[in-house]
There are 2 protein chains.
Amino acid sequence: MSVTLKQLAASLGLSPTTVSRALNGFPEVNAATRVRVREAAERLNYHPNTRAKSLATGRAQAIGHVIPLSTSHEIVNPIFADFIAGAGEVYGQSGYEMILRVVADAEEERAYGDLVARRAVDGVMVHGPRIRDGRVPLLDSLGIPFLVHGRTSEITSPYSWLDINNKRAFQRATQFLSDLGHRRIALVNGLEDMDFAARRRRGYLEALDAANIPPDPALMRQAEMTEPYGYRAGMEMMRLPQPPTAFLASSMIVAYGLRRAMSDLGLKLGRDISIVTHDDELSYLPNDGDIPMFTATRSSVREAGRRAARMLLQLVTQPTDAPLTEMMEAALVLGASTGPAPK
Amino acid sequence: MSVTLKQLAASLGLSPTTVSRALNGFPEVNAATRVRVREAAERLNYHPNTRAKSLATGRAQAIGHVIPLSTSHEIVNPIFADFIAGAGEVYGQSGYEMILRVVADAEEERAYGDLVARRAVDGVMVHGPRIRDGRVPLLDSLGIPFLVHGRTSEITSPYSWLDINNKRAFQRATQFLSDLGHRRIALVNGLEDMDFAARRRRGYLEALDAANIPPDPALMRQAEMTEPYGYRAGMEMMRLPQPPTAFLASSMIVAYGLRRAMSDLGLKLGRDISIVTHDDELSYLPNDGDIPMFTATRSSVREAGRRAARMLLQLVTQPTDAPLTEMMEAALVLGASTGPAPK
DNA sequence: GCGGGCATCCAAAGCGGTTTGAAAATTTGA
DNA sequence: TCAAATTTTCAAACCGCTTTGGATGCCCGC
């Protein structure tokens, strides 16, 4: 079924040393021998035992992803799957394994400690950073390479991250709406202890300020990003004495909810009411076509996964003190859901 | 930072043998010594190196999940994240690692062979089985424990699986609609080379047959399950000379699309038009509340992940020739989206 | 007082690779 | 042609753990 290096060597009348070197491309082995070894390996279906290899080399050849399962809000972030898909692609190409831990919030830090102490991974990816996130100092102290998908505002020490420019995206979206004459612009945000949501809010507020629009707490919400949340937010805000003429949604799913609310109210998107949403380009929530349904700040989370993986692998293979950072800009794509503010 | 067994033993003035046995609960070690060892292990933050341990024991202590990334339809199944979350929970409790491989369709079988040959996993989970799926015989021949989430119809040899009763769920849903007087019932299905979709179709057809309703190809569609697909299917079918009075949707997302179409057409769910959808209870697509939005065949995919993981671990730890199978029934929960057929 | 039985502990081999230091085979140079 | 230099190969140690097969010391009964 499968052979060990020793068996392979024996079948060739060679020592394990030579076989190992032949397969790993060391120079001190005869070209003819190398060919012979390669062929035999192929023929006998030899694959090095991962465990043995990484025990011998001291490299785990694996990256850890710890997925927190909030006990408070039992939600699995929907963008997670696409990010993982992108990262997984890259790991696969580079011969790295992806190991996943799903843990309760409270055990998350222990999970990292455990992964590191057991030498199970060479690096870890940090998902869903909060504004103030203990994982960054923790991983720093554990001395393992890590990369944050997103950022965490209240950390001053440098660390590696890949993020999209959430603040600018929402600032641009807000400005775009105010340029269209909207002055009642609502923000239907994700939970604002999440760093990305906090940044979006800042971008929104800055743009309002620049347009001399006083922020109105009645037009700002935050919650878990579900469809019913979008719907409720839309319905309730439209019942305000001075309802919004435009909405900023933090995700496609929330935008779906908003759209349904507007539809129930008999309002036509792009004419009676405007919506701009953030679009992570999740494969099952497409917002494309000749004219996308929604005007959106668009940024592929799958691509983010790919890049994040590449960065993390670089941190792992070429250790350096200088952290790696990358900011991805979201495109503002025009769809059918926006138009000038109605008089 | 972290200690090896040898160091721990040295610091205690004991042999590695004794320390290993003390920590792993073997009987031939003095109770007092065991306590002493445990305390030292705690104090020095000792965690056994996974690689070394599994090399020595021959058990990888890991389960592999291979996620196919179709090149044709670049979609990451949205239910995947919740299933993984459920399975991951169980692995964590049992001291198993979850390793994930994201691979292109064409390389999927090679990925399994590779995982097995490198002894990287003790068992594998098979996702998204097709009607005819080569992975089952492949894994059989590789001689590794595996469990299929779903089933594959065209395989006669026994294998282990966990599935929901898709056929009965859709048969019941269809019958429910026909009991309400509907005779034009549309099926907006997922891709029918996927086994689950084929079974749903069979359930649908059987129920039509039982109700003496001739099936109409114009009322049956299959595609990748996205919101726009649901919308288009709804719009186009409603334009038929004899439009449906009820829809069966294969997922919440498709149902969202259908709902939007009906709304655009000015039709009220539960009065003018009925929708029954399958609801996987994805955490970010809730369909609950006092009266759920949709009447649905409901079955938690997260729970399926938990159970599947438990079964697979059992197969791994207590090898047996008798395969394990489990059928979960979907509940038919009444929501606001169904009502008697309009005259 | 001595062999047998038990409770504890340990040395050493082994898991399947990599890597160091040295030996064997081959080529080179005078 | 033979020693030296260079290739090419190998034996053995090691990675960190488990596990087999004894050792060791102690208590017991006769």
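Below, chains carry the letters A, B, ... as their sequence lines are ordered, and counting in each starts from 1.
In terms of position along DNA chain D, the nucleotide closest to A:Glu28 lies nearer the 5' end than the nucleotide closest to the other residue of the pair A:Glu28 and B:Glu28. Nearest-nucleotide positions on DNA chain D for B:Arg21 and A:Val29 put A:Val29 closer to the 5' end. If you find the closest nucleotide of DNA chain C to A:Ala56 and to B:Pro16, the one lying nearer the 5' end belongs to B:Pro16.
Taking the 5' to 3' direction, DNA chain C first and last meets chain B under 4.0 angstrom from a heavy atom at C:dT8 to C:dG16. Boundaries of the chain A contact region on DNA chain D are D:dT8 to D:dG16, first to last in 5' to 3' order (nucleotide atom under 4.0 Å from a heavy atom).
With B:Ser153 contributing its side chain and B:Ile131 its backbone, the two residues share no donor-acceptor pair below 3.5 Å. Between the side chain of A:Gln7 and the backbone N or O of A:Thr4, at least one donor-acceptor pair lies under 3.5 Å.
Under the 30°/60° scheme for interplanar angles, the aromatic rings of B:His65 and B:Tyr91 are found to stand perpendicular.
Sorted by first and then second residue, the side-chain hydrogen bond (donor to acceptor under 3.5 Å, both in side chains) pairs with a member in residues 107-117 of chain B read A:His47-B:Asp114, B:Arg101-B:Asp114, B:Glu108-B:Arg135, B:Asp114-B:Arg118; sequence neighbours excluded.
For the residue pair B:Ser20/B:Thr17, the side-chain donor-acceptor check at 3.5 Å is not satisfied.
Annotation: side chain of A:Leu115 is in contact with side chain of A:Ile99 (closest heavy-atom distance under 4.5 Å). The closest side-chain heavy-atom distance from B:Phe146 to B:Asp140 is below 4.5 Å. B:Ser54 has its side chain out of reach of B:Arg59: every pair of non-hydrogen atoms, C-beta onward, lies at least 4.5 Å apart.
When each of B:Arg306, B:Arg307, B:Arg310 is checked for a salt bridge (charged side-chain N to carboxylate O under 4.0 Å, His left out) with B:Glu326, only B:Arg307 meets the rule.
Note on A:Thr57: only backbone sugar-phosphate atoms sit closer than 4.0 angstrom, heavy atoms only; bases stay farther off. Within the nucleic acid shown, A:Thr4 comes within 4.0 Å of sugar-phosphate atoms alone, with no base atom in reach, counting heavy atoms only.
Take B:Glu39 and apply the side chain to side chain contact (heavy atoms under 4.5 Å, CB included) test, not counting sequence neighbours, and it matches B:Val35.
Applying a 4.0 Å cut-off to non-hydrogen atoms, none of the residues of residues 31-40 of chain A approaches DNA chain C.
The residues A:Arg151 and A:Asp163 are annotated as salt-bridged, a charged nitrogen and a carboxylate oxygen being separated by less than 4.0 angstrom. Electrostatic pairing of A:Arg38 and A:Glu42 does not count as a salt bridge here, judged by no charged N lying under 4.0 Å from a carboxylate O.
Direction of the helix axis in the helix from C:dG1-D:dC30 to C:dA30-D:dT1 shifts by 60° between the two five-pair termini, rounded to 10°.
Between A:Thr33 and A:Thr18, the shortest heavy-atom contact is CG2-CG2, 4.4 Å.
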